[in-house]
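No experiment lies behind these values; they were computed from the predicted model shown. In listed order, ligands and their atoms are each counted from 1.
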Amino acid sequence: MIVTLDGPAGAGKSTTARELARRLGWCHMDTGAMYRSVALVAIRRGIDLRDEAALAAIAAGVAIEFRGGRVWVDGEDVSEAIRTPEITTATRPVANAPPVREAMKGVQRRMAAGIDLVTEGRDQGSEVFPDAELKVFLTASPEERARRRLEEERQRGRDVTLEEILAAQQSRDDGDIHRAVGAMREPDGAEVLVTDGMSHEEVIGRLLEWIELRRGRALGESTGRPAP
Ligand code: DC
């Protein structure tokens, strides 16, 4: 079974997807980390970020794995290296390049073949897995997302203001929504979950309920009996 979680930055997708996969004993695919990995390799190889064909070749050619809650590229743990501000910035043109998105779609579908998966990103339910058994658009108001991000940043000892976070978030949202290919949107048939005022546990609980419902339905279809 495939569950897709899409939504804007700061909606809590990563924490939610990781915890959901852990509870279910499923795999977790962080597709933002995949775009970040391509950017990291491109920077290290000195590739011009406007060279879309070269970027797509990296996307198709590097081995990205998710193991032990870490991200590995060609056998190297890059979990921290892909989260620097430099790589966050470099990931933007990488994710905007249509040939990169096309290559990534193929890679992501191959990685998902035959496994139970929670996959998160911007286009997982709309473009990559439109037939997923459960598609969720996870979001929260801009203020709520910024407040959560502010708390995380302060815990990391970074001195930023709510206004700075809101401005950066707005710019990322605009970039995600207005991308020519693979723009972020609510997938057809998706459940929309607005998490303002919900605890992490409540969000997980809701998703588990939806998964149980879908599984029951699938079981009913395969046995010919009505789902419980
Ligand atoms: O979720 P994140 O911040 O790690 O994502 C990194 C970048 O990749 C961000 O610019 C959005 C982009 N992205 C994308 O275009 N499509 C996805 N499926 C996932 C992320």
Side-chain angles (χ1 to χ4, degrees), residues 2-18 20-21 27-43 49 52 55-56 58-60 62 64 66 69-73 78-112 117-130 132 135-140 142 145-146 148-149 152-153 156 165-187 190 195:
I2 294 183
V3 173
T4 63
L5 279 189
D6 291 299
K13 291 187 304 292
S14 287
T15 339
T16 306
R18 193 175 308 119
L20 190 63
C27 296
H28 166 217
M29 186 159 76
D30 174 352
T31 61
M34 297 175 79
Y35 284 102
R36 288 171 179 274
S37 296
V38 174
L40 177 72
V41 173
I43 297 265
L49 296 178
E52 298 190 347
L55 296 175
I58 294 175
V62 293
I64 303 174
F66 297 100
R70 315 281 299 172
V71 188
W72 304 78
V73 172
V78 296
S79 312
E80 271 87 38
I82 59 170
R83 309 231 169 254
T84 64
E86 184 200 7
I87 295 301
T88 300
T89 306
T91 304
R92 180 70 69 84
V94 169
N96 282 347
V100 174
R101 301 203 74 86
E102 195 53 35
M104 266 317 186
K105 196 196 295 191
V107 170
Q108 290 163 359
R109 286 181 178 167
R110 278 195 295 282
M111 284 172 77
L117 179 71
V118 180
T119 178
E120 50 149 318
R122 306 292 190 283
D123 62 344
Q124 295 299 284
S126 55
E127 297 287 337
V128 183
F129 302 106
K135 295 181 276 187
V136 179
F137 193 77
L138 194 73
T139 188
R145 291 190 280 130
R148 291 180 193 162
R149 183 54 56 92
E152 281 170 22
E153 294 292 325
R156 288 188 190 132
I165 290 182
L166 266 169
Q169 184 178 276
Q170 181 68 50
S171 144
R172 288 179 75 186
D173 285 357
D174 285 348
D176 284 338
I177 292 166
H178 299 296
R179 175 181 299 126
V181 173
M184 178 177 71
R185 60 182 165 88
E186 291 175 19
T195 62

For ligand 1, list all ligand N or O to protein N or O distances below 3.5 Å, rounded to 0.1 Å.
{"residue": "ligand 1", "atom": "1 (O)", "partner": "Arg122", "partner atom": "NH1", "Å": "3.1"}
{"residue": "ligand 1", "atom": "1 (O)", "partner": "Arg122", "partner atom": "NH2", "Å": "3.3"}
{"residue": "ligand 1", "atom": "3 (O)", "partner": "Arg36", "partner atom": "NH2", "Å": "3.1"}
{"residue": "ligand 1", "atom": "3 (O)", "partner": "Arg172", "partner atom": "NH2", "Å": "2.5"}
{"residue": "ligand 1", "atom": "4 (O)", "partner": "Arg36", "partner atom": "NE", "Å": "2.8"}
{"residue": "ligand 1", "atom": "15 (O)", "partner": "Arg101", "partner atom": "NH1", "Å": "2.8"}
{"residue": "ligand 1", "atom": "15 (O)", "partner": "Arg101", "partner atom": "NH2", "Å": "3.4"}
{"residue": "ligand 1", "atom": "15 (O)", "partner": "Arg179", "partner atom": "NH1", "Å": "3.2"}
{"residue": "ligand 1", "atom": "15 (O)", "partner": "Arg179", "partner atom": "NH2", "Å": "3.1"}
{"residue": "ligand 1", "atom": "16 (N)", "partner": "Arg101", "partner atom": "NH2", "Å": "3.0"}
{"residue": "ligand 1", "atom": "18 (N)", "partner": "Thr31", "partner atom": "OG1", "Å": "3.0"}
{"residue": "ligand 1", "atom": "18 (N)", "partner": "Arg122", "partner atom": "N", "Å": "3.1"}
{"residue": "ligand 1", "atom": "18 (N)", "partner": "Asp123", "partner atom": "OD1", "Å": "2.8"}

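In this structure, the side chain to side chain contact (heavy atoms under 4.5 Å, CB included) partners of Arg110, at least two apart in sequence or on a different chain, are Val107. With sequence neighbours left out, the side chain to side chain contact (heavy atoms under 4.5 Å, CB included) criterion links Arg172 to Ala9, Arg36, Arg92, Arg122, Arg149.
Between Ile87 and Ala81 the shortest heavy-atom distance is CG1-O, 3.5 Å. Taking each heavy atom of Pro142 and Gln169 in turn, the nearest pair found is O-NE2, 3.0 Å.
Residue pairs meeting the salt bridge (Lys or Arg N to Asp or Glu O under 4.0 Å) criterion with at least one member in residues 5-14: none, sequence neighbours excluded.
Looking at Asp123 and Arg101, a side-chain N of the basic residue comes within less than 4.0 Å of a carboxylate O on the acidic one, giving a salt bridge.
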